[in-house]
Enquirer: 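The structure's right below; bear with me while I get my questions together.
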Amino acid sequence: LSELFDNPGVAVLKDAAGLHTSTLLSVAAENRLLGTLAHRLLEKLFEAKDVLTWTGDDVRQWFDANADALIEAEGTPLMMRGFGVALLKFKNTARDAAVALLSHLQAAGADNVETEVELEGLLDDIPIVGKIDLLVTLKDMRRIAVDLKWSNTKWYVDLFKAGEHLQLALYSSLIEQKFGQAPVELAFFIFETRTLIATSDSVFVSARVSQPPPGATADNLLAKARKSWAWRQEQLAAGDVDVVDEALGALDEFQGPEGTFPVNFGGKWNKEFVALLGWRDGQ
Amino acid sequence: MNPIEFISAGAGSGKTYRLTSILAEALISASARPAGIVATTFTVKAAAELRQRARKALLDAGRLDLATAIGQARIGTVNSVCGELLKRYCFELGQSPDQTVLSEVECATLLRTAVDDVLDGTQRQALVHFGHRFGFENDDWTEPVHDIVDAARANGISADALRAMGPANAKAMLASWPAPEQGPDHTSELAAALPDVLAELELHVETAQAAGKEVIKTTTTCLEKLRQHVKKFGEGSWNWGTWASCADLNAGAKLRAMMQPAVDAAVAHDRHPEFHRNVHEYLTLVFNLAASALSNYEIAKRESGSVDFTDQETLVLKALQESASVRESVASELDLVLVDEFQDTSPIQLAVFVELAKLAKRSIWVGDPKQAIYGFRGTDAQLISSVLDAIPQWGGRLGEPLTTSRRSVPSLVKLVNAAFVPAFAPKMAAANVELTPSRPEIPGQTPLMTWRFDSDVVANDFLGLGPAITSLLASGIQVEDRHTRQLRTVQPGDIAVLCRYKKDVMSVSATLHKWDIPAVSTRPGLLSTPEATLVVACLRRLYDREDSAATAAIVSLTGGRDASTWVTDRLQFLAGGQPQGTWKTAGTDVHPLIQRLEALRPQLSALTPTEALRLAKAESHVCAHAAQWSSSQKEAAIRVANVEALQDMAKAYEDECRSGKRPATCAGLLQWLSDRASQGQDPRASAQGGAVEVLTHHSAKGLEWPIAILTGLGSLSRTALWDVRARTQGTFDAQAPLAGRFIHYWPKPYGKSKPQAFKNAEASDIGTMMAAQSLAENKRLLYVSVTRARDVLVMTASQKNSSCAWCDEAGATALFFGGEGDVKLPNGEVVARTMRNYSAADIRAEPPLKSASDRNWFVRSPANPRLPLWLRPSSANAGQHTTAEVVPLGSRIKLVGAVDMASLGSALHHCIALHFADPGAGATLAAVQEVLRRWGVDTVIDAQSALDQVAALHVWVKGKWPDARGIYAEVPLEVMLDSGQVVRGQIDLLIQTDAGLHVLDHKADPRRASNDDRLATSHGPQLASYAAALTSATGLPVLGTWLFLPVAGEAVRIEAQPEPAI
């Protein structure tokens, strides 16, 4: 969605024109590889029976017994000669993070943890699908959505602070549509610093709290998303595809009507697709 | 010790000239045989220049034999010379004569593997544990091991000796810490105190907030820190930086007592037994690992049958020290050892030079101790200076230093003298620092400028360079042209901006780019240029037909159509429901390039990645596209250079794979390219010439520019106490400079915190010594930087902070920045200075608006008609020319019988060339007869007449241009014109005077010029194209073009007619 909101030109190339890079080249960059591996390890961990009753040492033992096989199967670059210290650092970080995350969940009174939960729902009449990293059910049946990230603690702290956590707000809506009740907390968990970032300390008492500004509720974020969606759809229906790029003007020239999400210049990830939309002087 | 001489050569004092003279004199006087010379330089380029200049000097001295024989001299970098010596003595050393020499990247990969291989599980865990305790979390924890291995090799330290250095370093470091205090459990005490203090502070803050009182920022920051510390001690993830931070907890003056229990518990960190254990065990481990890695690395190289640069030096040193037959042979063969940039030699190279000096008949070392700036690369200035001090004791001598500056204008030389005589005192006498100017001042010009930037953040100062350099270029300031030595207006290529760090180079380049000032620097982004994108897209499409993004890139870049056109096309294709990979490959909509790539795919499995990339490049016709995307020849050349840089990257990938013993594949190459691009390690090709050069202060060494702009002057020297460095322990023996070498390494234990024990370490004897060494090196770096400017020096500073800290260290801030207006030197002389302040608003200023920018789709411009690459002046036929003057010259030569005019012309050309090749001796009658005979025209003309005409020409030339600085016969000429065509030809006779050049072309035409324009019409264009090419190559004006008609007995001046006005 953020692609469509921020740069419809890129969204059209990817979604409508179906352009993609070769899957044979999709060995992820280092941080993404580490993040994916850590995700997979947690997924396996939470499949273990009674994991929520485990002590830190239990988690460590499980980790030492299971991590190598998974890394061997899915993290080949880390097994290469010369990467011994990097592998060890990864294992240490992932192990300590698993211990820390479990202790946060236990302290919050988690009763059940599901990983990679795919939920379907609607944003008004638009069908949406979300894959929630961790869907935690507390003993009192209240729910929490946690998104797992490898690094960049500050970035996610600031995301909450700025009230721009649309991804988690959408999860909130999907959970509400599915279970009839919105989650009581939304959180990011950062492996590298073992930090759980939440919007309050009401559920996760020892979380790092980063409070969104007043009014940046999930409902309001979704309302903004609807407006942004409507605005972009209206443009597309009229045959207009906005190309957002620094070469074409200042950021304020690309903003939508009142109530839509602010439009940002894209990061480095879409460079290849932005290039397909034309080249800047001096390139 | 045989005779040895050291020549100190100050910055810009004509060192290369002196080296050339030494080399040429030694050869001419026969004190050195060509094959008995070894000359080492710092770079390959310097070696080539030295050889070329020496050859020219020998030619000027008329020693053609020596000029040819100089090829036998071993002139090159230390490595290449050592490589040659290794080959020469391979049998004595038991080495293969054909060594594979590893590149730096290959060495790094091999070493990385060697280090990793020596780590067993426990050691790896321990290394990670200690790395965490000392807060190295975000760094490569194996970096110190690599650095220690490098230092051990550069200092000839064995693995066994290395093992003993870990505990020795630990002992030396911990001497600054209080003795460990056994008994109390310091960790439990702090872990217990922290939660109590946190609870108290939280209660205090909540109470205050509940009462509506404002909580100060110091308190909230401290609260957040405390929470982090409690968490870390709770989960056992604390490090020594956490302890130091706890000892500094500050929630505000009023809450000091509340923090005290935690502070009291934390200050015990310096006597914590675990800290002492950690330091000891860590250093022991790191040095042991380095020792094992050193052995493993040697084995790995032996197994792969290769050597690295250091091996070459080590093996040569070993041979010189241990093999009697090698010593004997070197002593009989080596006549002269010449070392350039002596101050930059590594310890092991120094040992090689000392050994060579014992054997060679004569050694001359040339260098400038004031320019020793490579401590971070393992050079030890202290070692060099100790060896130099020992030279007189060896019966050697310190030669006459070179003290005349041939580089800078007098004002700058005086300014540098005033700044650096005191800065280098008392270690260096004024006589060893001061230079005497030799160039004239540039009249009416200000040689010193200071620019002060008043930006909000110091890093934003770089933005100010945009408007500042724009206005400098517009000011019309004069510089002396490097080639012509004439004054002219400044151009971007005359300017260099020196930065302290590599990241600053990026910022400056970006600013200059924004202001449309052409800049040369290693700018990343090669993979995002359209030319590289096209080639890579072709390779991707070749590799995988399903890569639709690559297909789209090809369609978009080669079609020159905007996205809406081909996206519509793509949507229609998708609506047709055909397989994805067939887009543009079949039917009426086929794309020729994509179709070709489809057909070539089967070949891919037989190609190496480099070959595949070359195929993709060839098929893409990228060079033709690049030319048509460009608005100038220069732009097209850069685009083509980018494509070549991409091919070089592919080669580098294959080299990496080869040294890592990994398969090199197409997919691997594509992935590697993408990784390099995301890490910003895909440098674009540089715009050569005509652009501002942006580089670091360190890389400016050995270079010069008319204008040097110095930035980053706020950077203080940084002690190397917490880095890996080598030094000599015990008594220094100059004859054995590697004896007693010791590697220093102390881990920086507290991150950014600096508790008392840390300060004690910095104040210790070792700490003080290393700080002094860093300070001295920083001063030398400043000296190097300020002496880069030929005509104008620009010093920049920020208004904020202590932005002149670097100048402060040299005690030169007052001199450069103090007062107002001109600078008054201590000796009373005055250096003109302009000072300019750039306010925050000036810095934020945007460059003048360019025409409305829009994204474009590289529409190919129509191809230009292809001009032939080579342009022969004799076939030129443009312009109107007229006979301006006819001068009778000598007597007409009588022709007897039928004559082949072409042979006659060639014969006369040779006679004239023969005469002017050595004007002192001139051509003899016998020589002229021989030339005529060889050309088969000896029966056609009389040799004496021909000789008389040549002599008459000489007399006329001497009389016409009495001030001629040079008369050159048969001057070869090859010049690239703006059109990309290359003029190639040979000028028959070229006369150079102070005012400019005169060109003479000989024609054997027997007809007199009389007064018609026949000759002017047929030969004028040729002379005009010579004149244009000469001016373009030398910058000198051509004042006259002449035809010499030896047969007709005339000289004819030809003039170009102005184009008629329309």
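Note on naming: letters A, B, ... go to the chains in the order of the sequence lines (proteins, then strands), and numbering restarts at 1 for each one.
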Enquirer: Taking all heavy atoms of Ser548(B) and all of Gly18(A), pick out the closest pair and write down the distance.
Expert: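 It is OG-O, 3.4 Å.
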
Enquirer: How long is the span from the CZ atom in Arg124(B) to the CG atom in Asn92(A), to the nearest 0.5 Å?
Expert: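 The CG atom of Asn92(A) is 11.5 Å from CZ of Arg124(B), to the nearest 0.5 Å.
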
Enquirer: In sequence, state the C-alpha distance, the side-chain angles, and the governing distance for Arg208(A) and Arg227(B), and then conclude on side chain to side chain contact (heavy atoms under 4.5 Å, CB included).
Expert: CA-CA 9 Å; Arg208(A) 175 147 181 200; Arg227(B) 284 186 179 136; over 6 Å; no

Enquirer: Select, from Val230(B), Leu574(B), Leu527(B), Thr551(B), the one with the greatest count of heavy-atom pairs under 4.5 Å involving chain A.
Expert: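 It is Leu574(B).
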
Enquirer: Under 3.5 Å, which donor-acceptor pairs do the side chains of residues 102-110 of chain A form with other protein atoms, sequence neighbours left out?
Expert:
residue	atom	partner	partner atom	Å
Ser103(A)	OG	Ala100(A)	O	3.4
Gln106(A)	NE2	Leu52(A)	O	2.9
Gln106(A)	NE2	Trp54(A)	O	2.7

Enquirer: So which part of Thr533(B) gets closer than 4.5 Å to some heavy atom of chain A, the side chain, the backbone, both or neither?
Expert: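 Answer is side chain: those atoms of Thr533(B) sit under 4.5 Å from chain A.
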
Enquirer: Is it the case that more than 12 heavy atoms not belonging to Gln255(A) sit under 6.0 Å from its CD atom?
Expert: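 Yes - once you tally the heavy atoms of other residues, nucleotides and ligands closer than 6.0 Å, there are more than 12.
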
Enquirer: What pairs with Asp68(A) under salt bridge (Lys or Arg N to Asp or Glu O under 4.0 Å), at least two apart in sequence or on another chain?
Expert: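 Lys91(A).
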
Enquirer: Looking only at heavy atoms, which two atoms of Ser556(B) and Leu276(A) are closest? And how far apart?
Expert: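 Minimum heavy-atom contact is OG-O, 4.0 Å.
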
Enquirer: Quick one: what part of Ser206(A) sits under 4.5 Å from any heavy atom of chain B, side chain, backbone, both or neither?
Expert: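 Neither part.
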
Enquirer: Let me confirm one number: the NZ-NE2 distance from Lys89(A) to His132(B), rounded to the nearest 0.5 Å.
Expert: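 Answer rounded to 0.5 Å: 11.5 Å.
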
Enquirer: If you look at every heavy atom in Leu19(A) and Ala552(B), which pair is closest and at what distance?
Expert: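 Result for this residue pair: CD1-CB, 3.6 Å.
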
Enquirer: Which atoms of Gln125(B) come close to chain A, meaning under 4.5 Å heavy atom to heavy atom: side chain ones, backbone ones, both, or neither?
Expert: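 Gln125(B) touches chain A through backbone and side-chain heavy atoms alike.
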
Enquirer: Specify the closest pair of heavy atoms between Lys231(B) and Thr195(A), including all atoms of both residues, with the distance to one decimal.
Expert: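 That closest heavy-atom pairing would be NZ-OG1, 3.8 Å.
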
Enquirer: Is it true that, when you exclude Glu234(A) itself, more than 12 heavy atoms of the residues, nucleotides or ligands shown sit nearer than 6.0 Å to its CD?
Expert: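 Count not over threshold, so no.
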
